[in-house]
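Accompanying notes for the structure given below.
Scope of the values below: all heavy atoms of this structure, side chains included, with no hydrogens, waters or symmetry mates.
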Amino acid sequence: MTKLTFKERRFVNLYLGSAAGNGVQAARLAGYQQTEKALRVTASRLLAKANIRAAVSARVARETKASILTADERDARLSEIAVQGEDVVAVAAIRELNKVGGRHSIGHVIDGKLTLEQVLVESRK
């Protein structure tokens, strides 16, 4: 993959930023001084280039990954909700924390001998 020129990098940044996915506006702001019709062609041509598509995809993937909570962040957020939330919301947050932490309400039996009826009773607690 070839490197992007300064103008192409600027186009990608604007396309994903202030132009909000509008290729014509990104091309105009990146410095492609052309007529409106020519800008449409330029934007289309730029977005069809493999290195620009790869740059856009990589940036979107990086930003998506950064927006996903880690397990510790998730637990901290659920704990915060459990402490500060209304009763119903706090109970739901605690339930989720217990699920992800493996401490849900189904009883754990050391010897592994439970009847089906006992499992059902434990699951309803």
Side-chain angles (χ1 to χ4, degrees):
M1 179 173 70
T2 60
K3 291 190 175 204
L4 300 178
T5 67
F6 174 77
K7 244 184 194 182
E8 289 172 337
R9 279 193 312 276
R10 187 164 162 80
F11 171 81
V12 169
N13 289 335
L14 290 163
Y15 180 75
L16 294 172
S18 61
N22 183 324
V24 174
Q25 186 177 358
R28 182 183 305 108
L29 293 171
Y32 293 91
Q33 298 180 355
Q34 302 166 334
T35 65
E36 195 68 21
K37 184 177 180 181
L39 281 171
R40 283 196 302 272
V41 172
T42 298
S44 178
R45 180 182 51 80
L46 288 169
L47 290 169
K49 291 178 77 171
N51 58 342
I52 291 181
R53 280 196 324 266
V56 168
S57 295
R59 175 105 161 263
V60 169
R62 187 171 57 245
E63 290 172 0
T64 300
K65 185 176 180 182
S67 69
I68 297 173
L69 294 176
T70 65
D72 289 340
E73 291 168 336
R74 179 206 55 227
D75 290 348
R77 180 69 180 120
L78 284 170
S79 296
E80 181 182 312
I81 292 169
V83 171
Q84 298 175 356
E86 305 274 332
D87 289 343
V88 174
V89 174
V91 169
I94 291 168
R95 185 180 314 116
E96 286 302 311
L97 278 168
N98 286 340
K99 283 181 189 176
V100 298
R103 299 177 304 273
H104 44 51
S105 63
I106 296 176
H108 298 279
V109 178
I110 293 174
D111 63 9
K113 295 179 183 175
L114 276 180
T115 65
L116 178 57
E117 186 175 310
Q118 290 170 320
V119 170
L120 292 173
V121 168
E122 287 294 318
S123 70
R124 293 185 183 120
K125 287 185 180 179

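Using a distance-only test at 3.5 Å, with no hydrogens or angles considered, a donor-acceptor pair links the side chain of Arg10 to the main chain of Leu29.
Under the 4.5 Å side-chain criterion, counting only non-hydrogen atoms from C-beta, Tyr15 is in contact with Leu47.
The two residues Thr42 and Gln34 make their nearest non-hydrogen contact at OG1-OE1, 2.6 Å. Of all heavy-atom pairs spanning Phe11 and Ala43, the tightest one is CZ-O, 4.3 Å.
A continuous path of hydrophobic side-chain contacts links Tyr32 to Val12 [ILVMFWY only; heavy atoms under 4.5 Å]. Hydrophobic clustering (side-chain heavy atoms under 4.5 Å, transitive across Ile, Leu, Val, Met, Phe, Trp, Tyr) keeps Ile52 apart from Val41. Two different hydrophobic clusters hold Leu14 and Leu46 under the rule that ILVMFWY side chains link at heavy-atom gaps under 4.5 Å.
Note on Glu36 versus Arg28: salt bridge recorded, some NZ/NE/NH1/NH2 to OD/OE distance being below 4.0 Å.
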